[in-house]
Amino acid sequence: MVDVEKFRVLIVDDVAETRENVRKLLQFESDIDVVAAARTGREAIQLCQEANPDVVLMDINMPDMDGIAATEAIRQKMPAVQVVILSVQGDQNYMRRAMLVGARDFLTKPPMPDELVAAIRRAGKMAREERAKSIQVYAATQGSPNRPTTTTLTTRGKIVLVYSPKGGTGCTTIAVNLAVALHNQETRVVIVDANLQFGDVAIFLNEQGKNTVIDLAPRVDELDPEIVDSVMIKNAASGVHVLASPSRPENAEKINADQFSKLLRYLRHLYAYVIVDSSAYLTDVTISVLDIADAIVLIATQDIPSIKNDRLFLDLLLTLNVPTDKVTFVMNKYDKRIAISPEKVGENLKQRVMAVIPLDERTVIPAANRGVPFMLDNKNAPAAKGIYTLVEALRAKLVKRDMEESEAITKR
Ligand SMILES: Nc1ncnc2c1ncn2[C@@H]1O[C@H](COP(=O)(O)OP(=O)(O)OP(=O)(O)O)[C@@H](O)[C@H]1O
Ligand SMILES: [Mg+2]
């Protein structure tokens, strides 16, 4: 499992610069991992459920919901999570209110690095002790020790399609590393290879399992969590589950779009994220995913054919009535020597580039050849920083869509 020993930290602040400063302060602490950042109180609550932090560093004054109300909600929903308030207000009154709603500690901004790290370690230990207690209670109420690793989720997971209409732009690289970055013990991730002829997701993770999507898709109407669990390849290095493409290209035809999309809809009850990697060629299978995807990560590189194809793809979404606000637009293999900038591409396609992943041959190519995603063992590499930005942008997009959806439901 990844980083089980590290204290997982969520930063909450509406000012990007403050979030970045705090992240920088913590980046060299080997026992601390910043797993997510939120801009508002509401986003903090949502991200807490997804990213499962031990410690939340919480600002007080934020738009929509302030840090005190967010702390109260987090402590009620997830009592093990510990909140450290970081605020410019040195005021006793704030401190008292924060403590009353369950905050663990209170630091004045900007925090002294030593104080901040010490506060995170104290709160992190407390979070672990609380978790250990609740696990003991849970274990005492459960029967069989051989329960499958797949259990049903209470909320619906998110289907994220990673797509590029031009081949070789880094779709599989991004899908695999995104899956690794999103996965943790509580937020379980499966990556599904929708490139049914020449899929290479399993290779990127150094897995040569016998089981593939052929073992699930044709019997999609009779699935249960145990069958799914028995077919999934469990990548030990990352914890991510993998549903590989058929072992021979001619077997691709054995799966139709209807089975495939039903299968993904089933999987979202078992995993917090279902990441789908696809080929550039738009098959019926990929088209069926456009409709059910909660988010589409669309990739561009700095060349005209890629940009032209992205434009055609965005037009196609409109034709198919798929909302283009599902798209999180990413530039991969970014090379600052090339004049086509992310801003220009964003303007041209009317889709802002939300994350830029640099051209980083020293990291990306060896990682693919070794079958070890760089998000596992090379988290400070330039390409890894790009993936973190993508994770943040994607989470923010999903939170926003969720809020809009629930507002629409309450208005009905
Ligand atoms: N940011 C990057 N920096 C350097 N090399 C990269 C980067 N992203 C991807 N690559 C390299 O580009 C090549 C294509 O990447 P990848 O296989 O992920 O693309 P793809 O879009 O999935 O391709 P396909 O169309 O074959 O499915 C690989 O050699 C990969 O290592
Ligand atoms: Mg690929």
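In listed order, ligands and their atoms are each counted from 1.
The I365 neighbourhood of ligand 1 comprises atoms 31 (O), with distances under 4.0 Å to a heavy atom of that residue. Taking every non-hydrogen atom of L359 and a distance limit under 4.0 Å, the qualifying atoms of ligand 1 come out as 3 (N), 4 (C).
In this structure, G386 does not count as a contact residue of ligand 1, since none of its heavy atoms falls inside 4.0 Å of the ligand.
Without hydrogens or angle criteria, D200 side chain to I203 main chain gives no donor-acceptor distance under 3.5 Å.
Heavy-atom neighbours of D284 CG from other residues, nucleotides or ligands within 6.0 Å: at or below the threshold of 12. Counting non-hydrogen atoms of other residues, nucleotides and ligands closer than 6.0 Å to CZ of R395 gives a total above 12. The environment of R265 atom CZ is dense: over 12 non-hydrogen atoms of other residues, nucleotides or ligands sit within 6.0 angstrom. Annotation: E250, atom CD; neighbour count of heavy atoms from other residues, nucleotides and ligands within 6.0 Å is above 12.
Considering backbone and side-chain atoms alike, D200 places every N or O at 3.5 Å or more from each N or O of ligand 1. The shortest N or O to N or O distance between D277 and ligand 1 is not below 3.5 Å. Of the N or O atoms in N195, none lie within a sub-3.5 Å distance of an N or O in ligand 1.
Among all protein heavy atoms, the one lying closest to atom 17 (O) of ligand 1 is F204 CZ, 3.7 Å. At the top of the distance list for atom 7 (C) of ligand 1, counting protein heavy atoms only, stands V364 CG1, 3.5 Å. In terms of protein heavy atoms, atom 12 (O) of ligand 1 is closest to K333 NZ, 3.0 Å. Protein heavy atom closest to atom 8 (N) of ligand 1, with residue, atom name and distance, is N332 ND2, 3.0 Å. In this structure, atom 3 (N) of ligand 1 lies nearest to the protein heavy atom D360 N, 2.9 Å. Atom 30 (C) of ligand 1 has T173 OG1, 3.9 Å as its closest protein atom, hydrogens excluded (heavy atom only). From the protein, the heavy atom lying nearest to atom 14 (C) of ligand 1 is G168 O, 3.6 Å. The protein heavy atom nearest to atom 19 (O) of ligand 1 is G170 N, 3.0 Å.
Among the backbone and side-chain atoms of T173, none of the N, O or S atoms lies under 2.8 Å from the Mg ion (ligand 2).
Using a 4.0 Å cut-off between heavy atoms, A280 makes no contact with ligand 1 at all. Residue contacts with ligand 1, taken as heavy atom pairs separated by less than 4.0 Å, involve C171 via backbone and side-chain atoms alike.
For atom 28 (C) of ligand 1, the protein comes within 4.0 Å by no heavy atom at all.
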